[in-house]
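Here the structure comes first, spelled out in structure tokens, and everything after it is commentary.
So that the names make sense, note that chain A is the first sequence line, chain B the second, and so on, each numbered from 1.
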Amino acid sequence: MKSFPMVKTVIVLAIIIPLFGVQSAWSSQKTCDNIVKNRPDRLINDPNTVLNMADVSLSVLGGLSKGKCLGNEFDQDVVTKAIRKEMTRWESEKLPVEKRYEEFRKQLDILIDATKKIASQYSPAPRPLHDLIKNLNKLKKQTATLEGLKGDVLGYGNWAYDIEAYEVKGTDIYIATLFADQMCQQNAVLKQPLNKYPAPCQQGYKVGKEIIRIAKIAENLIANIRGDLTNYLQNLTKVQTQWEQYANEARFQFLPELFVNSIFIGAVEDENNSNFQAPPSQQIIFLHPSAAVEYVNGADNGSSLELAMMMEWLGYNQWKWEDDGKIGFSLGFSLVSSISDRAGTKKIGHGGVLHINNDYSFGVTSHGGDVGVFFSIDMAKWIYDKDQSLKDATDMFGVNKPWFPNPGK
Amino acid sequence: MAESASTKHIIFLVHGMGKHEDKWSEKPEKTLTSAYDALKPEGTEFADYFEVCEITYDHIIDEWRQQNANNMDAAFKVLGDQGASSSFLSSLRKMGDATTSDTFFNTHIIDVVFYRYINQFQELIRLEVAKQIVAKLDKSSQVVKREWSIVGHSLGSIVVHDTLQRMFGGTSFGEVGVDRLNPGDLGPKVCLMVANVSHVLSNDFDVYNSIVRPHTDPHQGAVEYYLSARHEIDPIASIFPFNPNITSWLDPATRSKPHERYQNLVLPWDDITNANIHSLSHYFKNPRLHVPFFRALIGDRDWIMDYEQDIAHEKYRGGVLAQELVKLKAKFEPLAKGNIAGLKGFLKACKAFGEILKDDYQVDLSVKGGE
């Protein structure tokens with residue numbers, strides 16, 4: 001008895017779940033029916049337009065095409081649904097592009113056969129249907145290889161229906177010719193549904209629907225291969241990593257450096273290419289303040305080892321890019337002044353500093369003849385990643401500044 | 001079998017100046033959705049066709065500002081009070097400090113200046129925007145040809161322009177950097193620039209001579225529809241409006257399309273329902289903007305008839321700030337017609353606009369972005 005509620009649940013779910021599918025199909029069908037049913041009246045209600053039956057039919061076809069009712073997700077047509085189901089399978093099975101290409105060829109054959117079958121229903125078949133078959137065969141020839149499919153296929157593969165030119169883009173298939181009959185040039189009348197139009201207009205409408213549908217399915221099939229973004233995303237990610245490394249892992253750039261390096265990048269950028277490119281593998285150092293631990297021979301006892309502010313006036317830093325987009329070995333040099341509060345020697349010293357791997361800097365200064373030696377791990381990195389080791393370093397060297405900054409805590 | 005990945009037309013929203021938290025686009029998205037659902041064209045709903053995806057990039061400049069503040073602080077504290085005794089060091093310090101606090105200047109004007117002049121931020125922002133777009137598209141279903149459109153608001157208009165140029169422009173495939181994408185296969189359907197400032201802020205690329213335009217040949221124009229919107233007295237959008245020479249910008253075949261591929265949507269001065277006339281939601285709410293946008297998204301002018309747009313606009317007019325209109329015009333119009341040329345005039349107008357909103361209408365843009 002205990003299992004009864006579970007059985008009931010399963011039964012209820014078994015009834016409800018398929019209903020969601022039915023609901024969705026019903027709702028999409030309703031959307032497409034709405035277009036067919038309401039658009040003629042909406043058009044004719046517009047006080048600024050006088051339309052004939054061809055205009056109304058073509059507008060309805062346009063609405064169905066843009067409303068995803070032909071060859072697209074709201075279409076209940078058998079061929080559309082079958083090919084769509086196949087493409088959904090490719091996606092769920094994550095078929096690689098080569099495999100999808102093989103499947104594409106099979107589906108293209110199915111599409112050509114389906115179009116021929118439609119054409120056989122008419123005697124003679126309207127010209128646009130012939131044109132469609134001709135174009136599908138041309139597409140088949142052009143896509144005989146995967147490279148061919150990725151190249152300049154008909155209309156770049158854009159076979160969407162152009163509702164203003166009444167043309168399937170890129171194919172010279174003109175839908176308007178289906179409504180060339182004089183009877184279709186008569187004014188459309190309010191509350192006259194499409195299925196009451198004269199026979200030639202109804203046939204034009206029916207054939208037009210089929211052509212737009214088949215063309216859209218072909219476009220979706222082509223886009224499945226040509227619209228692949230896997231490689232682009234990988235390359236984009238690599239270049240983004242390089243720029244992030246440039247911004248965060250090379251030496252931090254203060255405001256003046258940002259401006260100076262922008263001018264520098266502008267000067268070396270390849271102007272013929274506006275696609276995304278890697279950042280430079282060097283940077284200019286300009287007015288860059290940071291902290292250092294400096295030993296000055298000649299300063300009074302107790303004052304020879306101090307924290308100093310280092311001001312790099314001008315310098316250059318260069319590195320190698322690794323394959324994964326990260327910065328490899330780097331080397332740089334700057335002209336520098338060190339400023340510190342110490343007794344027995346000049347407070348300001350001038351000299352040079354060498355930067356290795358962006359983190360480690362060693363320099364020599366002269367304080368009015370007294371030689372100063374300093375080392376600095378780039379302040380920005382110390383503060384963010386290694387602030388504890390700065391304190392360890394200052395403790396180790398006996399440097400003690402009670403106001404020592406500890407931002408970010 | 002149920003399809004897991006979305007097949008809907010994705011609309012990316014790219015923000016403008018100022019700070020934008022996660023979900024910043026909720027309000028404009030809601031405005032857009034409600035507008036569509038109120039029109040209910042062909043009996044359809046917004047969710048039947050579209051999905052909105054927000055793009056955020058302001059963290060890039062914000063992170064630098066934070067890092068700059070900490071580094072300046074650390075370097076100068078080594079000197080203690082002595083730093084202030086040197087006028088040079090003191091000015092350097094002040095320059096560093098100037099970018100740190102959350103004032104309107106720092107959260108808005110600096111965004112503009114940094115994006116306009118600093119290469120590092122330009123590239124990081126463009127890459128971030130492109131990455132978010134491509135990652136989202138990559139996750140969408142390939143059962144149908146992917147459809148997407150993009151909306152750039154204010155500063156976001158130049159960001160969108162430059163990003164699209166980087167994605168689809170260039171002369172080479174595979175020679176340098178990332179291969180460009182083929183616009184015929186993956187180009188956006190609609191590019192809507194709201195409060196379009198892309199001309200006044202253009203730097204690397206000439207916005208009147210780029211691939212971000214409609215063209216019959218997708219390799220010369222990557223977008224199908226380009227809509228540029230500005231409110232007549234929005235100082236930020238109207239001081240130096242986007243105004244291409246149509247005869248040279250568009251090819252004859254594109255110019256002759258009945259459903260205009262380029263639309264310059266100028267919203268009349270008295271269409272005001274909120275003092276913050278620059279906000280994205282304020283623009284979206286206006287049928288003179290959202291109706292052409294929906295038509296372009298679908299690609300069918302008859303999707304919403306002119307008389308249906310008129311009815312919607314009449315209803316919209318019921319909500320305008322009738323009592324405030326003259327006062328708002330007196331405040332904003334002189335800014336929109338500012339007489340200082342170039343970027344300086346633009347920044348001045350931005351600053352004055354921000355101050356009026358804050359002082360007279362208690363809208364602090366430095367706290368909340370221009371959603």
Exercise. Chain B heavy atoms under 4.5 Å from A:Asn72: which part of the residue, side chain, backbone, both or neither?
Worked result: side chain

For this session: Kindly assign one of parallel, tilted or perpendicular to the pair A:Phe259 and B:Phe114, based on the angle between their ring planes and the thresholds 30° and 60°.
Result: perpendicular

Exercise. With a 4.5 angstrom heavy-atom cut-off, which part of A:Gln242 approaches chain B: side chain, backbone, both or neither?
Worked result: neither

Seminar exercise, completed: Under 4.5 Å to a heavy atom of chain B? For A:Lys169 that would be side chain

Seminar exercise, completed: Most heavy-atom pairs under 4.5 Å with chain A, out of B:Ile60, B:Asp185, B:Leu124, belong to B:Asp185

Problem set entry | Under 4.5 Å from a heavy atom of chain A, the part of B:Asp217 involved | side chain

Exercise. Side-chain donor-acceptor pair under 3.5 Å between B:Asn182 and A:Lys150, yes or no?
Worked result: no

Exercise. Does any N or O in the side chain of A:Asn158 come within less than 3.5 Å of the main-chain N or O of B:Gly184, such that one atom is a donor and the other an acceptor?
Worked result: yes

For this session: Counting only heavy atoms closer than 4.5 Å, note whether B:Lys139 contacts chain A via side chain, backbone, both or neither.
Result: neither

Exercise. Checking B:Leu137 against chain A: side chain, backbone, both or neither under 4.5 Å from a heavy atom?
Worked result: both

Problem set entry | Toward chain A, the part of B:Glu128 with a non-hydrogen atom under 4.5 Å | both

Problem set entry | Part of B:Phe168 within contact of chain A (heavy atom distance under 4.5 Å) | neither

